[in-house]
Amino acid sequence: MLLKAQAVTKSFGPVKVLTDASLQINEGDSIGLIGINGAGKSTFLKILLGELRPDTGELTRYTDEIGYLEQFPESSSRFTVRDVLGRPYGHIENIKKRMRDIEAAMSSGDNVDWNALAAECSQLERDLKSSDVQDEGKLLRSLKKVGLSQDIMDRTMDSISGGERTKVMLSRILVQADDCDILVMDEPTSHLDVETVEWLEDYLLKSHCALLVISHDRYFLDKIATRMTEISMGKTREYKGNYTEFITKKMLDLDRMEKEYKKYANNKKRQEEIAEQLHKDQWYLTTHKTRNKLISKMEEKEKPEENKEITVRIQAAPKSGKNVITCKGLSVELGGRTILENVELDIQKGDKIGVFGSNGEGKSTLIKALLEKVPSKGELWVAPGAKIGYYSQNHEGLDLLLTAEEQIMKVIGKERRGDARSILSRMLLSGDDVDRPMKTLSGGQRARVALCMLLLEETNVLVLDEPTNYLDIPARHAVEEALNEYDGTIIAITHDRYFLDTVCTKVAEVKSKGVRMYNGTYSEMRGRPNTKEVVMDADEYRVLLPFTNWVTSKKYAKNDRVLITPAEISGFQWALDQGKLKKTGGRQRKKVSALQEDEV
């Protein structure tokens, strides 16, 4: 065992962030820590690292060799490469802590080996003085491992290329991971491209460190996690397995809890009604009091949490023609440098294309060329009927001095304040979140405002730049479901491999100034088995007349209940048209194979 936290609680004023959080990290563990934004993940992490004191609970660390990689901006004029790499986490602090322990032991008057302690303290002082030199050497070695020279050390992050920034972020992980027993990482993949994330996965799988990772990258969690810990409503719940297994087990858990709670609530209500009737009929006896005592001793069942879900429905404008965007021999030069050359694309109505590639290869340039935002050479044709909606990961379309409500009313009209709040509430934005300037909102909240703006447009072509960035996992699921329902054309730049598998019907890799298109998912392109399953909202239908689905050979009897996701509805359309199915109005979550979500 390396670390153990039991029944940890933490409040900030009247706000209870953690009410019962527990975690045990053993040698060889690889744990994914997940939860919605604001659930308390970062607070719990800081308590585990000793940066915050819990209000109550026990925390025991059996090692001080803990590496910590916190989130860091990908580029900034304020930070140099040296700043980003930092020191190995806790290196100086551990030396100083040991020196304090020695001083306390020597001043206690206990029977201690003074000579040994004095010699150790002297060595620690020398280590402290030489730590800068030692750490500098470690930083240089980590840069060398990823192919960077020491000349880059004092350059600012915004002055180096996208590829170099990626390598710096990798070096930062290496600095932390070299000499630690536990490596704690907060969103380690958020600034990395697909190729680099895959390198990191392989590196971590070979690492000797126990891993604790906060991440919204579901593909990454599927690859490295052997245990999942979810923080919800201030409590932790643990599941064995990776993210996909977690989803399956959580659905079963929630279903079981719902049934147990309903049984408990119904039984309690019935007993209370009997006690009340006894009191009315036999008011002169104490039988009802005995019954009430028995009721109070009933084992109380926990009510399942009520998850508020983001509701996203993207309305498509009238369809464009069959061919939406065509380019032949497309080339782009910027600053005297050729970014893209001889690009051939034929994007047709209904295509859902995921664009990926290493940082700096020209993904954003490709999109800007297709939108005619940068000059290009060659042939480019965009259908006259194409109504294009654009989503930028940097949210340039938002005025950060406005509130979220003001931003929406700027589009729909100042007199429609109620409508603006209704639109924002669909994205779980309400109260203070819609009344304060957007510059004070988190990245995830701004992303949701930007998505609201997209909902207001009537489009038949969506161009999306990192649409899942800053979003937590439930929000990503909601966006993916909406895009699966959208019957227009989608072109999305993304590093999210889960998104590439669950939304995109084609993937395009931008590499070596060219674009390679592949019909199928990312996993299929890479030749990797993709057994992932996704969870989607499904409408409930009742079978009015028996029928057989000849595609799956499944038979349905009268009064059967059938859950159908938007991705499956086309396979049941004939049964609906013939009056064999009727929608009940119910709605539940359903697990669907990512590879077969378009099959019935």
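- E198 is listed as a side-chain neighbour of R526, based on a closest heavy-atom distance under 4.5 Å.
- Checking each of D217, T196, D496 against T189 for a side-chain hydrogen bond (donor to acceptor under 3.5 Å, both in side chains) leaves exactly one that passes, namely D217.
- Inter-residue side-chain proximity for H495 and E466 is flagged as met; some heavy-atom pair is nearer than 4.5 Å.
- Ring geometry for H395 against Y391 counts as perpendicular: the plane angle is over 60°, on a 0 to 90° scale with 30° as the lower cut.
- Atom CD of E27 is surrounded by 12 or fewer heavy atoms from other residues, nucleotides or ligands within 6.0 Å.
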Worked check of salt bridge (charged side-chain N to carboxylate O under 4.0 Å, His left out) between E480 and R218: CA-CA 13 Å; E480 287 160 355; R218 296 153 291 176; 2.5 Å; yes
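- Smallest separation of non-hydrogen atoms from I339 and G362: CG2-CA, 3.9 Å.
- Shown here for A508 and I353, the closest heavy-atom pair between the two residues is CB-CG2, 4.2 Å.
- Note that the SG atom of C452 and the CG atom of L424 stand 4.5 Å from one another [nearest 0.5 Å].
- The side-chain heavy atoms of Q6 and T60, taken from C-beta on, include no pair separated by under 4.5 Å.
- A donor-acceptor contact under 3.5 angstrom links the side chains of D222 and T244, judged on distance only.
- When atom types are taken as modelled, the side chain of K4 and the backbone of L23 share no donor-acceptor pair closer than 3.5 angstrom.
- Smallest separation of non-hydrogen atoms from A225 and G32: CB-N, 4.2 Å.
- Between the side chain of R497 and the main chain of D501, no donor-acceptor pair closer than 3.5 Å is present.
- With hydrogens and angles ignored, the 3.5 Å screen pairs no side-chain donor or acceptor of S430 with any backbone N or O of S425.
- Here the shortest heavy-atom pairing between L221 and M228 reads CD1-CE, 4.0 Å.
- Donor-acceptor pairing under 3.5 Å is lacking for the side chains of T489 and D351.
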side-chain contact (heavy atoms from CB on, under 4.5 Å) evaluation trace for R446 with Y470: CA-CA 9 Å; R446 290 183 200 175; Y470 307 109; over 6 Å; no
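- Checking each of T494, L500, T502 against Y522 for a side chain to side chain contact (heavy atoms under 4.5 Å, CB included) leaves exactly one that passes, namely L500.
- A donor-acceptor pair shorter than 3.5 Å cannot be found between the side chains of D465 and S392.
- A distance-only check finds no donor-acceptor pair linking the side chain of S512 to the backbone of G514 [under 3.5 Å].
- Contact of the R516 side chain with the M525 side chain is registered, since non-hydrogen atoms from C-beta on lie closer than 4.5 Å.
- At a cut-off of 3.5 Å, with distance as the only test, a side-chain donor of S358 or E195 sits close to an acceptor on the other residue.
- Taking the six-membered ring for Trp and thresholds of 30 and 60 degrees, Y498 and H477 have ring planes more than 60 degrees apart, a perpendicular arrangement.
- Side-chain atoms of S207 do not come within 3.5 Å of backbone N or O of Y203 as any donor-acceptor pair.
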Criterion side-chain contact (heavy atoms from CB on, under 4.5 Å) on R476 and F499, from CA distance to verdict: CA-CA 8 Å; R476 292 182 183 209; F499 181 96; over 6 Å; no
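- Using a 4.5 Å heavy-atom threshold, the side chains of L451 and M427 count as touching.
- There is a side-chain donor-acceptor pair under 3.5 Å between Y486 and T459.
- Rounding to the nearest 0.5 Å places CZ of R61 at 7.5 Å from CG of L49.
- When atom types are taken as modelled, the side chain of S30 and the backbone of L211 share no donor-acceptor pair closer than 3.5 angstrom.
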Verdict with reasoning, R237 to T229, per side-chain contact (heavy atoms from CB on, under 4.5 Å): CA-CA 6 Å; R237 184 174 282 117; T229 298; over 6 Å; no
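- Nearest heavy atom pair, residue L471 against residue G444, reads CD2-O, 4.0 Å.
- Here the side chains of H216 and N37 are in contact, with some heavy-atom distance below 4.5 Å.
- Remark: K352 NZ is packed, more than 12 non-hydrogen atoms of other residues, nucleotides or ligands lying under 6.0 Å away.
- At a threshold of 4.5 Å between non-hydrogen side-chain atoms, the residues V17 and F44 do not count as touching.
- Here the CG atom belonging to L340 is positioned 11.0 Å from the NZ atom belonging to K363, to the nearest 0.5 angstrom.
- Salt-bridge annotation for E201 and K206: absent, with no side-chain N of the basic residue lying under 4.0 Å from a carboxylate O of the acidic one.
- At most 12 heavy atoms of other shown residues, nucleotides or ligands fall within 6.0 angstrom of atom NZ in K46.
- No side-chain donor from either of D181 and Y62 sits under 3.5 Å from a side-chain acceptor of the other.
- Atom CD1 of I182 and atom CG of L3 lie 5.0 Å apart (nearest 0.5 Å).
- Salt bridge absent: K240 and E245 never bring a charged side-chain N and a carboxylate O closer than 4.0 Å.
- Taking the side chain as every heavy atom from C-beta outward, I325 and L345 never approach each other to under 4.5 Å.
- Around atom NZ of K10, more than 12 heavy atoms belonging to other residues, nucleotides or ligands sit under 6.0 Å away.
- For CD of E344, the number of neighbouring non-hydrogen atoms (other residues, nucleotides, ligands) closer than 6.0 Å is greater than 12.
- Summarising the geometry of T236 relative to S22, their closest heavy-atom pair is OG1-N, 2.9 Å, with the distance given to 0.1 Å.
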Test side-chain contact (heavy atoms from CB on, under 4.5 Å) applied to L454 and L464, step by step: CA-CA 10 Å; L454 194 64; L464 311 171; 4.0 Å; yes
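- With 3.5 Å as the limit, one finds no donor-acceptor pair spanning the side chains of E361 and N359.
- Note that CG of L85 is 5.0 Å distant from CG of L143, once rounded to the nearest 0.5 Å.
- Here E51 contributes atom CD and R53 contributes atom CZ; the two are 14.0 Å apart, rounded to the nearest 0.5 Å.
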